[in-house]
Engineer: 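This is the structure I have questions about; it appears just below.
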Amino acid sequence: MFALAVRAMARVGSLGRLALGVLYPPACLHCGADVARHGLLCAACFGRLQAVVAPFCKVCAVPQVSSAMLGPAGLCSACERHHPAWGQARAAFVYESVARELILKLKYADQIDNAAFLAPQMVRIGQDVLVSNALVVPVPVHRWRLFRRRYNQAAVLAHGVAKLSGLPCQPDVLVRVRRTVPLASFSRQARWDEVAQAITLRPSRQGLVHGRDVVLVDDVLTTGATAAACTRVLLNAGARSVSLLVAGVVPARAESDLDRVD
């Protein structure tokens, strides 16, 4: 009887998906062209993505034109001179063209389906930081921004990454206690001043962090100031290591564009 019920439910689910496909035919996440199934890009849009592949800096995730641009430890010259707060960083795509639009629409246009496409690509590039028993933690947003958007795009990505990699995700480990403004146009010192007191640890979650490898998830690595602030909070709470995993990385930044730790 139970097996019959399961088969019946599966059949209803299949019929539901078929009906959904009739009412809303699968369309490219970017341009709306026909695709084989929901959640995909068409061949033309997929071809415009710039996936991050070797050689890339192991710490800032920025692709390099040649492995000769990296030092013995796999770091670019800027990261060799001034290592960011986190240990390693991985990015699925360069933040340009189609990838940029997918991330922006996830962040601002309620296109949550884009996360289902981006998360597997983040897992692809992040295999070596998604270690056994790591804790997946999203970069937080302020409660008023969360109220306005209704979701935290970093948390949506973090849940997808954690599910695919079989790791636990705790979305409320970090709390943004003060609203911040966009940081891209700020100087290094101004960025640090803006976020220094904005992020803290939820006290009830310290036991989850202590002694753990933490994978910090965000949508884009731009200036690095917010990621650095989150990393310092996690390390101060006793995290064994903090790695950064993002959907997109802004390419070819000058050394002064990343928040560095001297």
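Note that the structure is predicted; figures quoted are calculated from it, not measured.
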Engineer: Between CG of L135 and CG of L216, what distance do you get to the nearest 0.5 Å?
Structural biologist: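 Interatomic distance, L135 CG to L216 CG, rounded to 0.5 Å: 10.5 Å.
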
Engineer: Between V35 and I112, is there shared hydrophobic-cluster membership here, with clusters defined by ILVMFWY side-chain heavy atoms closer than 4.5 Å?
Structural biologist: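 No: no chain of side-chain contacts under 4.5 Å links V35 to I112.
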
Engineer: Heavy atoms, side chains only, cut-off 4.5 Å: are S66 and P55 in contact?
Structural biologist: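 S66 vs P55: side chains apart.
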
Engineer: Flag yes if V233 and L208 sit in one hydrophobic cluster, no otherwise; membership is Ile, Leu, Val, Met, Phe, Trp, Tyr, and two members link when side-chain heavy atoms are under 4.5 Å apart.
Structural biologist: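 They do share one cluster, since a chain of ILVMFWY contacts under 4.5 Å joins V233 to L208.
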
Engineer: Could you give the distance from SG (C76) to CZ (R81), rounded to the nearest 0.5 Å?
Structural biologist: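 These two atoms lie 8.0 Å from each other.
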
Engineer: With under 30° as parallel and over 60° as perpendicular, where do the rings of F93 and F117 fit, or are they tilted in between?
Structural biologist: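 The arrangement is parallel - the two ring planes meet at less than 30°.
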
Engineer: What do the steps show when you test N133 against R212 for side chain to side chain contact (heavy atoms under 4.5 Å, CB included), and what is the final call?
Structural biologist: CA-CA 8 Å; N133 202 40; R212 297 281 288 275; 3.7 Å; yes

Engineer: Looking at every heavy atom in both A237 and H210, which two are closest together, and how far apart are they?
Structural biologist: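 What the structure gives for the nearest pair is O-CD2, 3.7 Å.
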
Engineer: Roughly how far, to the nearest 0.5 Å, is the CD atom of Q206 from the CG atom of N236?
Structural biologist: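 The CG atom of N236 sits 9.5 Å away from the CD atom of Q206.
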
Engineer: Which residue pairs satisfy the salt bridge (Lys or Arg N to Asp or Glu O under 4.0 Å) criterion with at least one member in residues 234-245, sequence neighbours excluded?
Structural biologist: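 Listed once each, the pairs are D213-R240.
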
Engineer: Could you check whether any side-chain N or O of Q64 sits under 3.5 Å from a backbone N or O of V62, counting only pairs where one atom can act as donor and the other as acceptor?
Structural biologist: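 Answer holds: yes.
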
Engineer: Verify the cluster assignment for L164 and V131: are they in a single hydrophobic cluster under the rule of side-chain heavy atoms below 4.5 Å apart?
Structural biologist: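 Per the 4.5 Å side-chain linkage, L164 and V131 are not co-clustered.
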
Engineer: List the atom of P120, the atom of A115, and the distance in Å for their closest heavy-atom pair.
Structural biologist: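 Where P120 meets A115 most closely, the heavy atoms are CD-O, 4.3 Å.
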
Engineer: Between CD1 of I199 and CG of L234, what distance do you get to the nearest 0.5 Å?
Structural biologist: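 Atom-to-atom, I199:CD1 and L234:CG are 9.5 Å apart.
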
Engineer: Among N152, V246, D219, which residue meets the side chain to side chain contact (heavy atoms under 4.5 Å, CB included) test with L157?
Structural biologist: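 Considering N152, V246, D219, a side chain to side chain contact (heavy atoms under 4.5 Å, CB included) with L157 is found only for D219.
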
Engineer: Heavy atoms, side chains only, cut-off 4.5 Å: are Y95 and L104 in contact?
Structural biologist: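 A side-chain contact exists here, since the closest heavy-atom pair is under 4.5 Å.
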
Engineer: Applying salt bridge (Lys or Arg N to Asp or Glu O under 4.0 Å) as the test, list every pair that has at least one member in residues 120-143; sequence neighbours left out.
Structural biologist: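 Listed once each, the pairs are R90-D128.
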
Engineer: Under the side chain to side chain contact (heavy atoms under 4.5 Å, CB included) criterion, do V59 and H83 qualify, and how do the steps go?
Structural biologist: CA-CA 8 Å; V59 174; H83 200 296; 3.4 Å; yes

Engineer: For the pair R176 and V139, evaluate side chain to side chain contact (heavy atoms under 4.5 Å, CB included) and give the outcome as yes or no after the intermediate values.
Structural biologist: CA-CA 9 Å; R176 193 180 291 255; V139 169; 3.8 Å; yes

Engineer: Is any side-chain heavy atom of L49 closer than 4.5 Å to one of L41?
Structural biologist: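 L41 reaches L49 side chain to side chain.
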
Engineer: What I'd like to find out is whether the side chain of L221 reaches to under 4.5 Å of the side chain of V250, using heavy atoms alone.
Structural biologist: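 Result no, sub-4.5 Å side-chain heavy-atom pair not found.
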
Engineer: Does the Lys NZ or Arg CZ of K105 fall within the cation-pi geometry relative to Y108 - under 6.0 Å from the ring centre and within 45° of the axis?
Structural biologist: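 No, a cation-pi geometry is absent between K105 and Y108.
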
Engineer: Below 4.5 Å, heavy atoms only, C-beta onward: do L29 and Q111 meet side chain to side chain?
Structural biologist: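 No. Closest side-chain heavy atoms not under 4.5 Å.
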
Engineer: So do the side chains of P63 and V94 get within less than 4.5 Å of each other, counting heavy atoms only?
Structural biologist: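 They are in side-chain contact.
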
Engineer: What pairs of residues pass the salt bridge (Lys or Arg N to Asp or Glu O under 4.0 Å) test when at least one of them lies in residues 159-173, not counting sequence neighbours?
Structural biologist: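 For residues 159-173, and leaving out neighbouring residues, the salt bridge (Lys or Arg N to Asp or Glu O under 4.0 Å) pairs sorted by first residue read D172-R202, D172-R205.
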
Engineer: How long is the gap from SG on C230 to CH2 on W86, to the nearest 0.5 Å?
Structural biologist: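 So the SG of C230 and the CH2 of W86 are separated by 10.0 Å.
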
Engineer: Is the shortest heavy-atom distance from the side chain of V175 to the side chain of P140 under 4.5 Å?
Structural biologist: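 V175 does not reach P140 side chain to side chain.
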
Engineer: What heavy-atom pair brings C60 and V249 nearest, and what distance separates the two atoms?
Structural biologist: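 Taking every non-hydrogen atom into account, O-CG2, 3.7 Å.
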
Engineer: How far apart are the closest heavy atoms of P72 and E80, and which atoms are they?
Structural biologist: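 Looking at all heavy atoms of both residues, the shortest contact is CD-OE2, 3.8 Å.
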
Engineer: Please round to the nearest 0.5 Å and tell me the distance separating atom CZ of F46 and atom CG of L40.
Structural biologist: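 So the gap between those two atoms works out to 9.5 Å.
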
Engineer: Could you tell me which non-hydrogen atom of A73 sits nearest to which non-hydrogen atom of K58, and how far apart they are?
Structural biologist: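 Minimum heavy-atom contact is O-CG, 4.0 Å.
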
Engineer: Any side-chain heavy-atom pair from L245 and V161 closer than 4.5 angstrom?
Structural biologist: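 They are in side-chain contact.
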
Engineer: Consider only side-chain heavy atoms of I, L, V, M, F, W and Y, link residues closer than 4.5 Å, and tell whether L70 and V129 are in one cluster.
Structural biologist: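 Unlinked, L70 and V129 end up in two clusters.
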
Engineer: Between C57 and C79, which heavy-atom pair has the shortest distance, and what is it?
Structural biologist: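 What the structure gives for the nearest pair is SG-SG, 3.8 Å.
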
